Amino acid sequence: MDFPKIRMRRLRSSPAMRRLVRQTALSTDDFVYPLFVREGRGLKEPIKSMTDCFHFSPDTVAAEAADVASLGIPAVLLFGLPDKKDETGSQAWAEAGVVQRSIREIKKAAPELLVITDVCLCAYTNHGHCGLIRNGKIDNDATCELLARIALSHAQAGADIVAPSDMMDGRVKYIRQTLEENDFKDVAIMSYAAKYASAFYGPFRDAAESAPAFGDRKGYQMDPPNSNQAMAEIALDIEEGADIVMVKPALCFLDIIYRAKQRFDCPVAAYNVSGEYMMLNSAANAGLMDKDSAMLEMLYSIKRAGADIIITYFAKEAAGQMQKSK
Ligand code: PBG
């Protein structure tokens, strides 16, 4: 069969025809919307490094979460900025910590919305690393114990899913065991399983005030040229008890998302990170491209690669646009 029997353009001839043969569908059900909370009251402060993103306080984040839920988005992902940082990041597991209080407020305002929490030390330590430092080095196993404490405190506050983002070895095992021992059998773990040492976290580190004070994260986050290692990381996390595995960032790592989806049966999440978000926002702002269509193109590419879940700062905007186009 060849031309003219085959004319590929027939199936592109009208909007309805294109809709009919469209292979990949985006749904608000796919989205997770990240939120930043800090100590205070009545806050909704624009984040300078991230367009249309805000620092909320535990009281105001509840209303924002209710708004997210009303758009049909099933989950939020919480990041906390504590008032006080120290060597061990102790505010991260405080019962009255900013994330713990925010979870309780959100659960009151939007009980059906899933609350996912980022489990990490970097925003809570005075050195900004994701692990505990002993003799100038990150102590992997001691860090895992602290991460399990953080996850437990989030579960106690009502989190539905805990999401460790530190890249220490064995953290999922520690967290799963701690949750089981404390009877939080239904709290799921979404592990940042294949998380790369990426320059695309730049705007986020500003927003979360979590940049490392010295060195970088290359000793724990993955080296971007590697892909087999990502499969090994994901396999280990599943074995240790992760329910959902994440690839991060998304756009420079679509091949990793694709491979993960082909190989593993559990849901695969992809994090459309701050640098990806701001790259498009900056280009659109400069009049270089149409933001709405470029945004959907980005989100489709992540979905098409195989992501079941997309964590994105575009979630609200995309949900709004998808409602409009219905
Ligand atoms: C914390 C964490 C980071 C992000 C999510 N959790 C930053 C980092 O690892 O340096 C990045 C998210 C984004 O860029 O949107 N470990």
Side-chain angles (χ1 to χ4, degrees), residues 31-37 47-55 75-82 85 89 91-92 98-99 116-125 127-133 138 140 143-144 146-147 150-151 154 161-168 171-172 175 189-224 233 244-253 269-282 298-299 302 307 309-316:
F31 298 148
V32 175
Y33 187 60
L35 288 169
F36 297 91
V37 286
I47 295 174
K48 281 195 200 69
S49 61
M50 295 178 66
T51 309
D52 296 333
C53 293
F54 301 88
H55 284 129
V76 291
L77 170 59
L78 291 187
F79 292 97
L81 289 80
K85 303 191 188 225
Q91 279 304 304
V98 68
V99 166
I116 311 176
T117 56
D118 187 81
V119 174
C120 199
L121 286 173
C122 58
Y124 298 85
T125 50
H127 46 73
H129 276 289
C130 303
L132 196 64
I133 297 190
I138 307 252
N140 185 90
T143 301
C144 287
L146 297 185
L147 294 166
I150 301 172
H154 292 171
I161 305 178
V162 291
S165 66
D166 50 283
M167 289 300 280
M168 295 301 125
R171 78 271 166 81
V172 173
I175 292 171
I189 299 175
M190 174 170 78
S191 72
Y192 289 67
K195 176 172 177 180
Y196 286 87
S198 169
F200 287 84
Y201 307 150
F204 172 94
R205 288 184 187 168
D206 225 45
E209 296 171 5
S210 66
F214 60 88
D216 51 40
R217 304 210 202 287
K218 292 181 181 162
Y220 39 103
Q221 298 178 349
M222 288 184 53
D223 197 17
E233 285 279 4
I244 300 170
V245 290
M246 191 202 300
V247 175
K248 178 185 175 189
L251 295 178
C252 290
F253 300 91
Y271 201 141
N272 179 211
V273 300
S274 58
E276 299 169 344
Y277 175 74
M278 285 313 293
M279 204 160 57
L280 173 50
N281 270 291
S282 315
M298 272 188 176
L299 297 173
I302 298 168
I309 298 166
I310 305 174
I311 303 161
T312 178
Y313 305 97
F314 285 124
K316 285 178 71 180

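Predicted model, so just to flag it, every value in this text is computed and none were measured. As the structure lists them, so they are numbered: ligands from 1, and atoms in each ligand from 1.
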Ligand 1 atoms nearer than 4.0 angstrom to some heavy atom of Lys195 are 1 (C), 2 (C), 3 (C), 6 (N), 8 (C), 9 (O), 16 (N)

Quiz item: Is the NZ or CZ atom of Lys248 positioned over Tyr201's six-membered ring, under 6.0 angstrom from the centre and within 45° of the axis?
Solution: yes

Checking heavy atoms under 4.0 Å, the part of Asp118 that sits near ligand 1 is side chain

Salt bridge (Lys or Arg N to Asp or Glu O under 4.0 Å) pairs touching residues 198-217, sequence neighbours excluded, are Arg38-Glu209

Legend entry - Proximity flag Tyr277 to ligand 1, non-hydrogen atoms under 4.0 Å: no

Going by the 4.0 angstrom heavy-atom rule, the piece of Cys122 near ligand 1 is side chain

May I ask whether Gln221 places a heavy atom under 4.0 Å from ligand 1?
yes

Please verify the inter-ring angle class for Tyr271 with Tyr192; under 30° counts as parallel, over 60° as perpendicular, anything in between as tilted. tilted

- Query: Are side-chain heavy atoms of Ile310 and Leu299 found at a separation under 4.5 Å?
  - Reply: yes

Ala92 and His154 have their tightest heavy-atom pair at O-NE2, 4.0 Å

Ser210 versus ligand 1: do any nitrogen or oxygen atoms come within less than 3.5 Å of each other?
no

Any heavy atom of Cys120 under 4.0 Å from ligand 1? The part involved is side chain

